[in-house]
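The structure displayed is predicted, hence computed values, not measured ones.
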Amino acid sequence: MSDNYESAYAKLEEIINDLESEDITLEESIKKYEEGLELYKYCNKLLNEYEGKVKILTEEDNKIVEKDFDTGELDG
């Protein structure tokens, strides 16, 4: 797999551009689709891992307080 999120995402964009091309065979399309799917899963996994690590610094009662980042998603 790629070294980091940025390189994996760049490769995924490249694959998308290749798939949108009219100069690609069916076999190449399937291979690129499978590779793109794996890159997507890898990027999504990294984002989910990082989401839990993001913190917000706020000031309460003249003190800096660290809180978990709220994505604003509703449960249920």
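More than 12 heavy-atom neighbours from other residues, nucleotides or ligands sit within 6.0 angstrom of OH on Tyr5.
Residue Gly36 comes nearest to Leu12 through the heavy atom pair O-CD1, 3.4 Å, listed as atom of the first residue, atom of the second, then distance.
Linking Ile, Leu, Val, Met, Phe, Trp and Tyr whenever their side-chain heavy atoms come within less than 4.5 Å puts Tyr40 and Ile15 in one cluster. Hydrophobic clustering keeps Ile16 apart from Ile30 (ILVMFWY residues linked when any side-chain heavy atoms are closer than 4.5 Å, directly or through intermediates).
We find the CD-CG distance between Glu6 and Leu46 to be 9.0 Å, quoted to the nearest 0.5 Å. Distance CG/Asn4 to OG/Ser7: 4.0 Å, rounded to 0.5 Å. Of the inter-residue distances, the one linking Glu27 atom CD with Ser29 atom OG reads 8.5 Å to the nearest 0.5 angstrom. The structure places CD of Glu49 at 10.5 Å from CG of Asn44, a figure rounded to the nearest 0.5 Å.
At least one donor-acceptor pair under 3.5 Å links the side chain of Glu28 to the backbone N or O of Thr25.
Remark: the Asp18 side chain and the Ser21 side chain contain no N/O donor-acceptor pair separated by less than 3.5 Å.
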request  = List the steps and the verdict of side-chain contact (heavy atoms from CB on, under 4.5 Å) for Leu39 and Tyr9.
outcome  = CA-CA 7 Å; Leu39 285 167; Tyr9 189 83; over 6 Å; no

query = Would Glu14 and Lys11 count as a salt bridge (Lys or Arg N to Asp or Glu O under 4.0 Å) if you check the C-alpha gap in whole Å, the side-chain angles of each, and the deciding distance to 0.1 Å?
reply = CA-CA 5 Å; Glu14 182 182 313; Lys11 180 66 178 169; 3.3 Å; yes

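Look at Lys32 and Glu35 and you find no salt bridge, because none of the NZ, NE, NH1 or NH2 atoms lies under 4.0 Å from a carboxylate O.
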